[in-house]
Amino acid sequence: MSDLLAHLNPPQRAAVTLPAQHALILAGAGSGKTRVLTTRIAWLISSGQVAPPGILAVTFTNKAAKEMLTRLAAMLPISTRGMWVGTFHGLCNRLLRAHYQDAGLPAQFQILDLADQLSVIKRLLKSLGVDDERYPPRDVMHFINAHKEQGVRAAQAEAYDQYTSRRVELYAAYEAQCQREGVVDFAELLLRAYELLQRNEPLCRHYQARFRHILVDEFQDTNRLQYAWLKLLAGHGSVIPEGTGACLFAVGDDDQSIYAFRGADIGNMHDLQREFHLSEVIRLEQNYRSHGNILDAANALIQQNRSRLGKQLWTEAGAGEAIRVFTGWSDVDEARFIVSEVSALVGDGMARDQIALLYRSNAQSRVLEHELFTRGVPYRVHGGLRFFDRQEIRHALAYLRLIANPDDDTAFARVVNFPPRGIGSRTVELLAEAARQANSSLYRAALGLPGKPGSSAARFLDLVDRLRVQAPARPLAELVDLVIEQSGLRAHYLNDKEGRERLDNLNELINAAITFLGEEGEQENEEQDSDGGGPLAAFLAHASLEAGEHQAGDGQEAVQLMTVHAAKGLEFDTVFITGLEHGLFPHENAVRAGEGLEEERRLMYVAVTRARRRLYLTHAQRRMLHGQTHECQPSLFLDELPAALLRRIEWRTAGSGARASGAGAEHGTWQEVRKAGGLRIGQNVHHARFGAGVVVSLQGSGADGRAQVNFDKHGMKWLHLATAGLALV
DNA sequence: ACAGCGTTAGTTTTT
DNA sequence: CTAACGCTGT
């Protein structure tokens, strides 16, 4: 056991060996958060304080849950069996499957992802004849989800004006519709599980007696409902029998809270302290990731935020390199600099996957990708289409869903005419109308319709029927194969020119089914409760809850491109934070909202703390946005970093000795015009707004000519010679 | 049933 | 500037 604690620093050890009590651990970036969490569990178990079934560990992502299990398996001599480790959604799904009747759900209930949910809402609005201009489906969906995340049902929702009142009605209709179809959306998964425990006292007592330690990762990202769920399970706020209820061990970092827009509420951190009477908070501030300069920059930046619990990262590593700042003349210029820098780093032996290019919004990847592609640098963009989101996979899953639950209208509508079998929109409309009148699902309405035997509609119903009859006798993978074959999907994609890849994906789905069953059997389960609905329902839930890797890395070691949000939790030797311009990062939409700027700053903080050794901050003076070129001001975050930590990078400039690679082709161009406008490199100039500076490079000629000037006070700028009014000094 | 056209919007996202 | 969506015409 002492081995467990051997490599921990004092605060980490204090957190791990805390007596059985509620606790909040404020874990800074790179401070060994996951390690503390897993070691705590291992310590609790190996010191005999709790048996594995007494542990409930909650994360937000499947990746984090998996990582926790892997590390635990390495630490503990005994099996992790019996522990509940998973995402909020995964665990709630488990609860609902085990107690589906008490929760008022069919055994085969399906889980709607965001796209499915939107599709349900669209159909609902249509059937109710709602003007979707006034009530855009996306807004309605957001309205519904926001309420559910607050734990508010339609019946309790406040309708303070007529418009809202209508949306509450739609929320109620949506609830009814989902109930009729036997489907639950993501938020419903949590709300149902919460209500299940809240209303069923014996059941709640059972779990309160079982779980003695609840550990939560990324606590700052919890929404109100998730916090309420945790409190309920921990037995907080109600009188419960002696020896039951759990200790809540929450690990989080308020400075890395970047998901307020989807309901995360940092207020939960304050409430946790208050409601659980936490006298002290353990702070993990020693950072094992980054060099000193990077941490100093991060600290200085985040200090500008007013509402913080307070924390200061430090390291035993040296100061390291200065933070490099580059100002591009344009977004393209910025990208060229970055890629040239990347090439140089790779040339010096740095692994490409240790270089990350971060941006605030996805659209920004375009220019970077173009440049990387042109220069032949392998790269990988995170955040693309996920496996279970692919069209062909969704089609196949829809058939499987129909087999499991014929009332699933979303699934029905998706495949009723795919592959095309002559069931047009007219037929579907009639069907929808019949279903609405009979208050039944599309499938049942279709059964009731006076369809001619042999009609395409009847053949479709036969197909689903036939598959459903065969389903129970078949192993899951075989069933998937059967569905792909008999539905005509395989034949359809065989005739398709881009179908090759889609067929590969469908075959991959069969593999996924095999893998899934393997893993399923390996873990769980001495408990009977975990499958309500058999392997098919479990597989479908898996498909909804774990959307799969974004794309299998093609093996080739590649430069990593992603949004700052997607980078949270990751680390790289070298990080480029790009597009550091006002309006872009911080994003203008965020700045307008009340606390928006602070969240943007936290986002910047997350970005900065991703870097181990080298950090580049880049921005452009003009950028193409929505088809128009915009003049861009540097991000205010650049000004919030101590100048002493920064070093401006000059690129393709005379005599600077900066990376000259890539300048070859353009070298001649600017050499010819270096005398443009009477300016020369090294010329001292004065600008009305920026003051004194030195010309470091010249480009273009005539009305197009521009000069890069390093201003004493304002750093590097590109200026139009025609308009800048530079005075020679 | 589907191609082709016009319109419109355009942060961040896991489950 | 795009991409995505919805509508119209064949």
Side-chain angles (χ1 to χ4, degrees), chain A residues 58-65 86-94 111-119 122 126 132-133 136-139 142 145 148-149 184-191 193 217-218 221-223 225-226 256-264 331 358-367 370 382-384 386 388-389 417-428 456 541-550 562-569 579 583-593 596 599-600 602-604 606-607 623-630:
Chain A
V58 197
T59 65
F60 275 87
T61 64
N62 294 302
K63 198 174 151 202
T87 62
F88 277 101
H89 294 83
L91 294 167
C92 287
N93 175 53
R94 192 167 173 176
I111 299 167
L112 301 180
D113 65 18
L114 231 57
D116 293 331
Q117 189 185 11
L118 191 62
S119 141
K122 279 182 180 165
K126 202 167 186 183
D132 57 6
E133 296 264 292
R138 291 194 159 278
D139 289 1
H142 180 255
N145 288 342
K148 288 190 180 184
E149 279 158 12
V184 298
D185 57 52
F186 286 136
E188 184 72 23
L189 224 36
L190 297 173
L191 186 50
D217 191 18
E218 307 277 19
D221 287 338
T222 52
N223 61 35
L225 179 56
Q226 285 158 338
Q256 291 188 74
S257 164
I258 55 173
Y259 286 111
F261 69 90
R262 68 176 197 216
D331 48 356
L358 308 185
Y359 35 80
R360 174 66 236 266
S361 62
N362 285 305
Q364 290 168 253
S365 76
R366 216 171 226 304
V367 185
H370 176 79
H382 291 246
R386 292 156 155 261
F388 289 108
D389 283 338
N417 195 35
F418 195 94
R421 47 172 72 85
I423 302 176
S425 53
R426 183 80 194 114
T427 314
V428 177
S456 33
H542 169 81
S544 297
L545 292 175
E546 178 145 17
E549 289 297 297
H550 278 289
M562 65 194 87
T563 64
V564 180
H565 282 92
K568 191 179 161 207
L584 196 62
F585 194 4
H587 198 279
E588 57 176 338
N589 294 356
V591 175
R592 256 180 290 153
E599 175 138 331
E600 292 291 298
R602 291 193 290 270
L603 200 49
M604 180 67 182
V606 167
R623 174 179 302 275
M624 263 300 226
L625 280 172
H626 309 329
Q628 282 188 322
T629 307
H630 286 254

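Per chain, numbering begins at 1; letters A, B, ... match sequence-line order.
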Listing time: all N or O pairs from protein to nucleotides 3-10 of chain C that are below 3.5 Å?
residue: C:dA3; atom: OP1; partner: A:Arg366; partner atom: NH2; Å: 2.1

Are any protein N/O atoms closer than 3.5 Å to N/O atoms in nucleotides 3-11 of chain B? If there are, list each pair with its distance.
residue: B:dT11; atom: O4'; partner: A:His587; partner atom: NE2; Å: 3.2
residue: B:dT11; atom: O2; partner: A:Arg360; partner atom: NH1; Å: 2.9
residue: B:dT11; atom: O2; partner: A:Arg360; partner atom: NH2; Å: 2.4

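Checked against salt bridge (charged side-chain N to carboxylate O under 4.0 Å, His left out), A:Arg592 has no partners two or more places apart in sequence or in another chain. Take A:Asn145 and apply the side chain to side chain donor-acceptor pair (under 3.5 Å) test, not counting sequence neighbours, and it matches A:Gln117. Not a single salt bridge (charged side-chain N to carboxylate O under 4.0 Å, His left out) links A:Lys122 to another residue, sequence neighbours left out. Residues that satisfy the salt bridge (charged side-chain N to carboxylate O under 4.0 Å, His left out) test with A:Glu599, not counting sequence neighbours, are A:Arg602.
Residue contacts shown for A:Phe60 are limited to sugar-phosphate atoms, with no base heavy atom under 4.0 Å away. When heavy atoms are screened at a 4.0 angstrom cut-off, A:Phe88 is found touching no nucleic acid atom at all.
For the pair A:Asn417 and B:dA1, the criterion of a side-chain N or O lying under 4.0 Å from OP1 or OP2 is met. Phosphate contact (OP1/OP2 of B:dA1, side-chain N/O of A:Arg421, threshold under 4.0 Å): absent. Between A:Asn93 and B:dT15 there is no side-chain polar atom (N or O) within less than 4.0 angstrom of OP1 or OP2.
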Would you check, one step at a time, whether the test salt bridge (Lys or Arg N to Asp or Glu O under 4.0 Å) holds for A:Glu149 with A:Arg262?
CA-CA 9 Å; A:Glu149 279 158 12; A:Arg262 68 176 197 216; over 6 Å; no
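Nucleotides C:dA4 and B:dT13 are separated by 15 Å at their P atoms, to the nearest Å.
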